Amino acid sequence: MAKQDKDLSRITPRAESYPDWYQDVIREGQLAEVAGIVKGCMVIKPHGYAIWEKIQRELDDRFKATGVQNAYFPLLIPESFIKREAEHVEGFSPELAVVTIAGGEQLEEPYVIRPTSETIIGHFFAQWIQSHRDLPMLINQWANVMRWEKRTRMFLRTGEFLWQEGHTAHSTHEEAVERVIQMLNVYADFAQDFMAMPVIRGRKSETEKFAGALASYTIEAMMQDGKALQSGTSHDLGQNFGKAFDVKFQSKEGQLDYVWQTSWGVSTRLVGGLVMSHSDDNGLVIPPKLAPIQAVIVPFFRKNEAENEQVREEGKKLQATLQAEGVAAVFDDKEGQPGPKFYHYERLGVPLRFGVGPRDIANRTAEFKRRDQAEKRSVSLDGLVQLAKDELAAMQRELFSAALARREANTVRLDTWDDFKGLFDADEGKFVFAHWDGTKETEAKVKAETGATIRCIPMEGQGFEAEPGECVVTGKPSAQRVIWAKAY
RNA sequence: CGGGGCGUAGCGCAGUUUGGUUAGCGCGCUUGACUGGGGGUCAAGAGGCCGGAGGUUCGAAUCCUCUCGCCCCGACCA
């Protein structure tokens, strides 16, 4: 408190400015920084990348469990490929970066730096698939992509970003749709179980769907400011790309037909979702399953070197014991006072912190603090490993419950246009569950007048059951309510 | 792409209106001592072609022209 004038609290409180807070948490949590030298791009720093690696590993396992294999396709795509699917060109043209010179010479046909790989993968699928016996083809690639954005935000929208894109080909539409939903569910489970980020699964409206898809499905999460974050998508591509790239197979009956394709992806945007789901005014908060460091042990040194040596030994022992039990623990015995270390690890989002000093060694205790709780307490050294495991599990659960409770508290059913417009005019971050007549025109009107868009048409079984009614804008018949919100 | 703001030490800024010679401050950093249970104290240091180019001038961080870049707010997007 007395140190306020020393520029020590460098995180803008959320209440003051949510965008500034977001940037501050990323900086202080050492996740990433703006590259500066390359427009719209960022450097993902080791701590941020470690989180991405945990996301990757977990998702990769889950993909493979469904029979998907990894592969890799070229970064550069012949420009003509992008143009083959009409909606696809239209959707992506504005944000393409194009290579026109290579090896010092003008290229005959420019290359596009991939914004996504449906086209180039379509090309190879055409070569790899002849028979129904080659299907289903289940491929995923971990890659970087580039979409030239007018306005960028760290992790949420950058010129270049990392992601995975799954691409599958099937002999029937039913099977393809099944895969689309299956992968959507993989994403939803991952987000909720691993990232403690509650999501709503649903279908995108025509306006919001992927360029070139028959239908798009999404998981939508609510950030702390009540805005929606599209956190993962899964697309039913129908036969659109099959036709554009001549991906045909011969069926059991000997008929030639175009394959039915899907694509699905999540990106480093998830890291942005992580920040805005759990973090507080003291910095990052990472759910235990996602945390590269799950526990830190901070020693309390004094001037007595013999005592310090004991503290050091106890700290190392504690770290080893935790690691042996699968807890990613760090013992920070660097020079320096404990206070600054506390702040440091707090801002990194480390879930558990243990403090050990001479006093503790005498009493066989440790000071304990959980990142998502305000109080410290003294715990016994003997039961400490079990306590760590229990607390990690509890924190994972509680972060999810808190996020879910927040979403529920900020989701409202509205039935009149006055209420609807009034709410968004007041700039309230809410999910509004309201009826829609199903037309683009209504959607466009709402967007123009309130800034809110249809985040998704929720699927069954999530507490947003379909019920007929009247459109909140036009009063025309509506088959079901949809989720409206302002979005990132 | 429109509107606004900003480029001076690693970070945050002052100085620019009213040119003036060694360009300042806070934090951070280095070294040492004292310390040590939530950003401690003292001392000594290191660190700048003031975003870039051109011009005006005896003299430019400061004035003029051009340029590059970044951030914020809006229209388009994982």
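Below, chain A is the first sequence line, B the second, and so on; all start at residue 1. This structure is a prediction, so every number in the text was calculated from the model and none was measured.
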- Query: B/rG38 base to A/Glu346 side chain: any donor-acceptor pair below 3.5 Å?
  - Reply: yes

- Hey, does the side-chain of A/Lys341 have a donor or acceptor N/O within less than 3.5 Å of a partner on the base of B/rG38? no

Identity of whatever pairs with [N] - Watson-Crick or G-U, under 3.5 angstrom:
N	result
B/rG10	B/rC27
B/rG36	none
B/rA78	none
B/rC58	B/rG20

- Euclidean distance for C1', B/rU31 against B/rA78 (whole angstrom):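 Between the two C1' atoms, the distance is 49 Å.
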
- Query: How far, in whole Å, is B/rC27 from B/rU67 if one measures between their P atoms?
  - Reply: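 Per the computed distance, 41 Å lies between those P atoms.
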
- Query: With sequence neighbours left out, which residue pairs that include part of residues 184-200 of chain A fulfil the side chain to side chain donor-acceptor pair (under 3.5 Å) condition?
  - Reply: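 Residue pairs with at least one partner in residues 184-200 of chain A: A/Arg62-A/Asp193, A/Gln164-A/Tyr187, A/Asn185-A/Arg201, A/Asp193-A/Lys289.
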
- Kindly state each residue pair satisfying side chain to side chain donor-acceptor pair (under 3.5 Å) with at least one member in residues 44-54 of chain A, sequence neighbours excluded.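 Checked against side chain to side chain donor-acceptor pair (under 3.5 Å) - neighbours excluded - the pairs reaching residues 44-54 of chain A are A/Glu33-A/Lys45.
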
- By side-chain contact (heavy atoms from CB on, under 4.5 Å) - contacts of A/Lys83 (at least two apart):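 Partners of A/Lys83 by the side-chain contact (heavy atoms from CB on, under 4.5 Å) criterion, ordered by chain and then number, come out as A/Glu79, A/Val89.
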
- Can you sort out the partners of A/Val177 under side-chain contact (heavy atoms from CB on, under 4.5 Å), two or more places apart, ordered by chain and number?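 Scan of A/Val177 (side-chain contact (heavy atoms from CB on, under 4.5 Å), adjacent residues dropped) gives A/His173, A/Ile181, A/Asp236.
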
Got a sec? Which of [range] come in under 4.0 Å of RNA chain B, heavy atoms?
range	result
residues 271-282 of chain A	none
residues 285-312 of chain A	A/Phe300, A/Phe301, A/Arg302, A/Lys303
residues 216-235 of chain A	A/Gln230

Residues in salt bridge (Lys or Arg N to Asp or Glu O under 4.0 Å) with [X], at least two apart?
X	answer
A/Lys64	A/Asp60
A/Arg455	A/Glu208, A/Glu220
A/Glu95	none

- Item | Rounded distance in Å - CD (A/Glu28) to P (B/rG10) |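 Spelled out: CD on A/Glu28 to P on B/rG10 is 18 Å.
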
- For atom CE of A/Met42 and atom C1' of B/rA78, their distance in whole Å: 12 Å

Among [options], the one nearest [X] by side-chain distance:
X	options	value
A/Glu335	B/rG38, B/rG39, B/rG36	B/rG36
A/Asp360	B/rG37, B/rC73, B/rC76	B/rG37
A/Gln23	B/rU35, B/rC72, B/rG39	B/rC72

- Going by distance alone, is a donor N or O of one side chain under 3.5 Å from an acceptor N or O of the other, for A/Asn282 and A/Glu346?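 A/Asn282 vs A/Glu346: no donor-acceptor pair found between side chains.
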
- Query: Going by atom types alone, do A/Tyr72 and A/Asn140 pair a side-chain donor with an acceptor below 3.5 Å?
  - Reply: no

- Message: Restricting to ring pair (Phe, Tyr, Trp, His ring centres under 6.0 Å), what partner residues turn up for A/Phe241, sequence neighbours left out?
- Response: A/His88

- Message: Under the criterion of centre distance below 5.5 Å and interplanar angle below 30°, is A/Tyr343 classified as stacked on the base of B/rG38?
- Response: no

- Query: Got a sec, which pairs hit ring pair (Phe, Tyr, Trp, His ring centres under 6.0 Å) with one end in residues 214-237 of chain A, sequence neighbours left out?
  - Reply: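 Pairs touching residues 214-237 of chain A that pass the test: A/Phe210-A/His235.
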
- So which one's nearest nucleotide on RNA chain B is more toward 5', A/Arg359 or A/Glu149?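 Closest to the 5' end, via its nearest nucleotide, is A/Arg359.
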
- Item | 5' precedence on RNA chain B between A/Glu367 and A/Phe161 (nearest-nucleotide basis) |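 So the residue in question is A/Glu367.
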
- Task: Quick one: label A/Ser263 by what it contacts on the DNA or RNA (base, sugar-phosphate, nothing), any heavy atom closer than 4.0 Å.
- Result: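 Answer is nothing: A/Ser263 stays at 4.0 Å or more from every strand.
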
- Could you tell me whether A/Glu206 and A/Lys440 have a side-chain N and a carboxylate O separated by less than 4.0 Å?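 No.
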
